[in-house]
Structure formats: C-alpha cells, structure tokens
Colleague: 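I have a structure here, written as structure tokens, and I will follow up with some questions on it.
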Amino acid sequence: MDRYLVFGHPVRHSKSPFIHTLFARQTQQELEYGLAEPAVDEFAQALRTFFDQGGKGCNVTVPFKEQAFTLVDCLSPRAKRAGAVNTIKLTDDGVLLGDNTDGAGLVADLKSHGVTLADSRILLLGAGGAARGALAPLLAELPSELVIANRTHTKAQQLAAEFCDLGPVTAQTYEQLAGPFDLVINSTSASLQGELPPLAPALIHTDIAIYDMMYGASDTAFISWAKQHGARQTMDGLGMLVEQAAEAFTVWRGIRPGTKQVLRELKRNLGVI
C-alpha cells in the first residue's frame, strides 16, 4: 500500500491524516497516511529515510517548509515563488518534486465562500511564510491592489518588491493604512496566542470580507474582533486546510477529491458543528 506522511514539529494535532483518509476513501485510492515528528535537526535524515523505505509523498508543515525547499531535487513554479515547500512527491523516475499548495488552497476556499478577488482591494497582514505562499495565487486573480502590512515594515517592503512583477502589490505600515478594503487576510500567527494585529477598527465595515488563516473550534481572536466592529462575512483557515490538502492529493494521485463533505466531517470532528 502506498505510504504518505506529514512532517512537522509538533504535529500530533494535525488533521491531515483524517482529511487524506477521507479523500482516499472517496476516490477509492489505496493508501495510508501517517504522522512524523522528527527533531528539528533530524528532518533531512527522516525525509531521506522515508523515501528510501518506499514512501510515495509527504506534506511538510511548521517548522520544516523552508528546509524542505532546499532538500528536493526540483521545484514547481509556485514552490519557487513561495520559497517554501509543503508537498513533496516521488515521481516515477525517482525525482523528489517540491510543490506548494497553500496559496491555491486559500484562493479555492475564498472562492467557495463567494469572495470576489478580481478588481478587489486586498489587505494582507503579515510578511512571513504564509503570506509569501499566498501572494502569487492572489495576484493571479487580478485584484485592483494588494497591500501588505507587517509589524516590521522592511519585511513587507521586501516582499512587495519581490512580487511586484506579478501585479499591483505595495507595502504600508499599519498607521498608513486607509480604506476601504474589500478583503482582509490575516496570515500572522497572532491568533494562536489569542492576540491581534494592530489594525485600526475604522478599517472594518459591514461589506468587508475577513479571513484568518488560523482556525479552531471557536472563532479566532481576529474574527471575534472583526465581528465586534461590524464585519458580517468572516472565515477561518479550516477550509484552506482542506483545499490545500486536496491540491496535494491531486499532485500525488492525479485525481481531484471533493472537499465539501470532507470539510463538514472535519468540522464535526472538531466539534464546530
């Protein structure tokens, strides 16, 4: 039976085995999917051992995505742009292909919620790996403007300069931000600590769409804050998790699984519904 893993540290909380088991059942694919939590300095060896022992593919999560970028034999165009790898496939000719499905998963989830990206004004909070992975897919949807805001402004400037060839992307400080924005995406990890990015409440209005890449059994701190200030459409990153997994499954197996039922089952598993 074909073997797949997700590498991370920590990773025991991961829902990837649950998701990919449902995908396999749905598409009648015979595979098993497990967890691997090597020490931070042992990831490279663990990855090599997995494939030497017959592994077919893996997902890679925090803190190994940038390291995986350097360990594969070749990169997809979107992985090159992201500077990080979250999906690895062993090809038929023995090559380790590194891909990044995070941005595609984000865009797919936004569209599933009816969010219009073309000609929209988008605010992206954060300038780390999550933001980097999202930029190219978001710009491919032809927004009128994409503004990056980050606590360390120079990081936002560097990111905007790197992606400016793909579309109208700029960097602003939190103090410089002026609305209206159609969509705000929080790619920071602030919600994991129950914290908030320093966004002015005046930027929130009733017609804005709010997206937090973090998720949980209840609203994240950022979503709760946005609702308190009048946002009517709010989304967390659970759908992105499922959509990026579906993209990875397609890379591995050549068949696209459906996501709606799997997302419902995941929400039930988490106690969200």
Side-chain angles (χ1 to χ4, degrees), residues 1-8 14-35 50-51 54-61 65 68 72-82 84-93 95-118 130 133-142 185 211 213 215 235-270 272-273:
M1 184 175 290
D2 291 345
R3 292 175 54 234
Y4 296 85
L5 286 177
V6 56
F7 285 94
S14 175
K15 296 301 178 182
S16 291
F18 181 87
I19 294 168
H20 284 285
T21 297
L22 291 181
F23 284 161
R25 189 179 305 158
Q26 177 196 120
T27 58
Q28 298 181 323
Q29 298 284 299
E30 291 192 7
L31 60 87
E32 59 181 25
Y33 189 107
L35 303 171
F50 170 65
F51 284 108
K56 294 293 186 180
C58 65
N59 288 127
V60 182
T61 189
K65 291 183 182 183
V72 295
D73 300 316
C74 63
L75 296 161
S76 70
R78 57 189 179 184
K80 285 182 183 177
R81 269 292 185 180
V85 161
N86 81 328
T87 300
I88 300 176
K89 175 184 179 179
L90 180 66
T91 67
D92 292 339
D93 53 359
V95 171
L96 287 186
L97 169 66
D99 202 352
N100 191 303
T101 66
D102 285 332
L106 169 65
V107 168
D109 192 37
L110 286 165
K111 289 183 175 181
S112 76
H113 283 94
V115 176
T116 299
L117 298 173
L135 274 168
L138 286 171
L139 290 168
E141 297 297 319
L142 305 178
I185 301 171
Y211 195 99
M213 289 189 186
Y215 64 89
M235 299 150 280
D236 68 14
L238 198 60
M240 176 182 172
L241 175 69
V242 175
E243 293 290 350
Q244 67 81 23
E247 188 78 9
F249 192 93
T250 306
V251 170
W252 293 329
R253 310 299 294 187
I255 184 170
R256 181 84 185 188
T259 56
K260 290 184 178 179
Q261 179 62 32
V262 173
L263 181 57
R264 282 197 294 269
E265 291 296 328
L266 181 58
K267 287 181 176 179
R268 191 171 291 115
N269 178 263
L270 288 170
V272 177
I273 57 175

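Atoms considered below: every heavy atom in the structure, side chains included; atoms not considered: hydrogens, waters and symmetry mates. Sequential numbering from 1 along the given sequence is applied to the chain's residues.
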Colleague: For the residue pair Asn59 / Tyr4, report whether a side-chain donor-acceptor contact shorter than 3.5 Å exists.
Modeller: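 Absent: no donor and acceptor within the cut-off.
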Colleague: Measure the shortest side-chain to side-chain distance between Leu117 and Val115 over non-hydrogen atoms and say whether it is less than 4.5 angstrom.
Modeller: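 In short, these two side chains touch, coming nearer than 4.5 Å.
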Colleague: Tell me the closest heavy-atom pair linking Trp252 and Gly57, and the distance in Å.
Modeller: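 Looks like NE1-CA, 3.9 Å.
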Colleague: Ignoring hydrogens and geometry, is there a side-chain-to-backbone donor-acceptor pair from Asn86 to Thr101 under 3.5 Å?
Modeller: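 Side chain of Asn86 to backbone of Thr101: a pair is present.
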Colleague: Which atom pair, heavy atoms only, marks the closest approach of Pro137 to Ala104?
Modeller: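 For Pro137 and Ala104, the tightest heavy-atom pair comes out as CG-N, 4.0 Å.
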Colleague: Of all heavy-atom pairs between Lys267 and Leu238, which one has the smallest distance, and what is that distance?
Modeller: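 Result for this residue pair: CG-CD2, 3.6 Å.
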Colleague: For Leu110 versus Tyr211, what's the shortest heavy-atom pair and its separation?
Modeller: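 Scanning both residues, the minimum pair turns out to be CD2-CD1, 3.5 Å.
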Colleague: For the pair Asn100 and Thr87, evaluate side-chain hydrogen bond (donor to acceptor under 3.5 Å, both in side chains) and give the outcome as yes or no after the intermediate values.
Modeller: CA-CA 6 Å; Asn100 191 303; Thr87 300; over 6 Å; no
Colleague: Rounded to the nearest 0.5 Å, what separates atom CE in Met213 from atom CE in Met240?
Modeller: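 Here the interatomic distance stands at 4.5 Å.
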Colleague: Which pairs count as salt bridge (Lys or Arg N to Asp or Glu O under 4.0 Å) when at least one residue sits in residues 15-32, sequence neighbours excluded?
Modeller: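 Non-adjacent pairs meeting salt bridge (Lys or Arg N to Asp or Glu O under 4.0 Å): Arg3-Glu32.
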Colleague: Let me see the working for Thr61 and Phe7 under side chain to side chain contact (heavy atoms under 4.5 Å, CB included), right down to the final yes or no.
Modeller: CA-CA 6 Å; Thr61 189; Phe7 285 94; over 6 Å; no
Colleague: State, with a plain yes or no, whether a side-chain heavy atom of Leu35 is found less than 4.5 Å away from one of Leu5.
Modeller: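 No. Closest side-chain heavy atoms not under 4.5 Å.
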Colleague: So which atom in Leu96 and which in Val72 form the shortest heavy-atom distance, rounded to 0.1 Å?
Modeller: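 Closest approach of Leu96 to Val72: O-CB, 3.6 Å.
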Colleague: Quick one: CG on Asn269 to CG on Leu263, what's the gap to the nearest 0.5 Å?
Modeller: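 Going from the CG atom of Asn269 to the CG atom of Leu263 covers 11.5 Å.
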Colleague: Would you find a donor on one side and an acceptor on the other, under 3.5 Å apart, between the side chain of Gln26 and the backbone of Pro257?
Modeller: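 Answer holds: no.
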Colleague: Go through the steps for Arg253 and Thr27 under the test side chain to side chain contact (heavy atoms under 4.5 Å, CB included), then give the verdict.
Modeller: CA-CA 10 Å; Arg253 310 299 294 187; Thr27 58; over 6 Å; no
Colleague: After noting the C-alpha distance and the side-chain angles of Asp73 and Leu97, does the key distance pass the side chain to side chain contact (heavy atoms under 4.5 Å, CB included) rule?
Modeller: CA-CA 6 Å; Asp73 300 316; Leu97 169 66; over 6 Å; no
Colleague: Do side-chain atoms of Lys89 reach the backbone of Gly98 as a donor and acceptor pair under 3.5 angstrom?
Modeller: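 No, Lys89 side chain to Gly98 backbone: no donor-acceptor pair under 3.5 Å.
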Colleague: According to ring-ring contact (aromatic ring centres under 6.0 Å, His included), who are the partners of Phe23, at least two apart in sequence or on a separate chain?
Modeller: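 Expected list: His20, Phe249.
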Colleague: Sequence neighbours excluded, which residues qualify as side chain to side chain contact (heavy atoms under 4.5 Å, CB included) partners of Asp92?
Modeller: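 Partners of Asp92 by the side chain to side chain contact (heavy atoms under 4.5 Å, CB included) criterion come out as none, since no residue qualifies.
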Colleague: If we ignore hydrogens and angles and just use 3.5 Å, is the side chain of Asp99 paired with the main-chain N or O of Ser76 as donor and acceptor?
Modeller: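 Between the backbone of Ser76 and the side chain of Asp99 there is no qualifying donor-acceptor contact (under 3.5 Å).
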Colleague: My understanding is that only residues two or more places apart in sequence, or in another chain, count here; which of them pass ring-ring contact (aromatic ring centres under 6.0 Å, His included) with Tyr215?
Modeller: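 ring-ring contact (aromatic ring centres under 6.0 Å, His included) list for Tyr215, sorted by chain: empty.
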Colleague: Would you compute the distance between atom CG of Leu22 and atom CZ of Arg264 and round it to the nearest 0.5 angstrom?
Modeller: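 Atom-to-atom, Leu22:CG and Arg264:CZ are 12.0 Å apart.
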Colleague: Report the residues that fulfil salt bridge (Lys or Arg N to Asp or Glu O under 4.0 Å) with Lys111, sequence neighbours left out, ordered by chain and then residue number.
Modeller: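 Listed in chain order: Glu141.
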Colleague: Do you know which two heavy atoms are closest between Leu31 and Ala24, and how far apart they sit?
Modeller: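 Between these two residues, the closest heavy atoms are CG-CB, 3.8 Å.
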Colleague: Once salt bridge (Lys or Arg N to Asp or Glu O under 4.0 Å) is applied, do any residues pair with Glu243, and if so which ones, sequence neighbours excluded?
Modeller: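 Counting only residues at least two positions away or on another chain, Glu243 forms a salt bridge (Lys or Arg N to Asp or Glu O under 4.0 Å) with Arg256.
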Colleague: Is there a side-chain contact between Leu241 and Leu266, using heavy atoms and a 4.5 Å cut-off?
Modeller: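 Leu241 vs Leu266: side chains touch.
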Colleague: Return yes if some donor-acceptor pair links the side-chain N/O of Thr250 with the main-chain N/O of Gly254 below 3.5 Å, else return no.
Modeller: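 No, the answer is negative, given that no donor and acceptor are paired below the 3.5 Å cut-off.
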Colleague: Before you tell me yes or no, could you show the steps for Lys56 and Met1 under side chain to side chain contact (heavy atoms under 4.5 Å, CB included), namely the whole-Å CA-CA distance, both residues' side-chain angles and the distance that decides it to 0.1 Å?
Modeller: CA-CA 10 Å; Lys56 294 293 186 180; Met1 184 175 290; over 6 Å; no
Colleague: Between Thr116 (side chain only) and Ala118 (backbone N and O only), is there a donor and an acceptor less than 3.5 Å apart?
Modeller: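 No, Thr116 side chain to Ala118 backbone: no donor-acceptor pair under 3.5 Å.
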Colleague: Check whether any side-chain heavy atom of Val6 sits under 4.5 Å from a side-chain heavy atom of Cys58, and report yes or no.
Modeller: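 No, too far: nothing below the 4.5 Å cut-off.
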Colleague: Could you tell me if the side chain of Gln244 sits less than 4.5 Å from the side chain of Asp102, heavy atoms only?
Modeller: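 Yes; the side chains approach each other to less than 4.5 Å.
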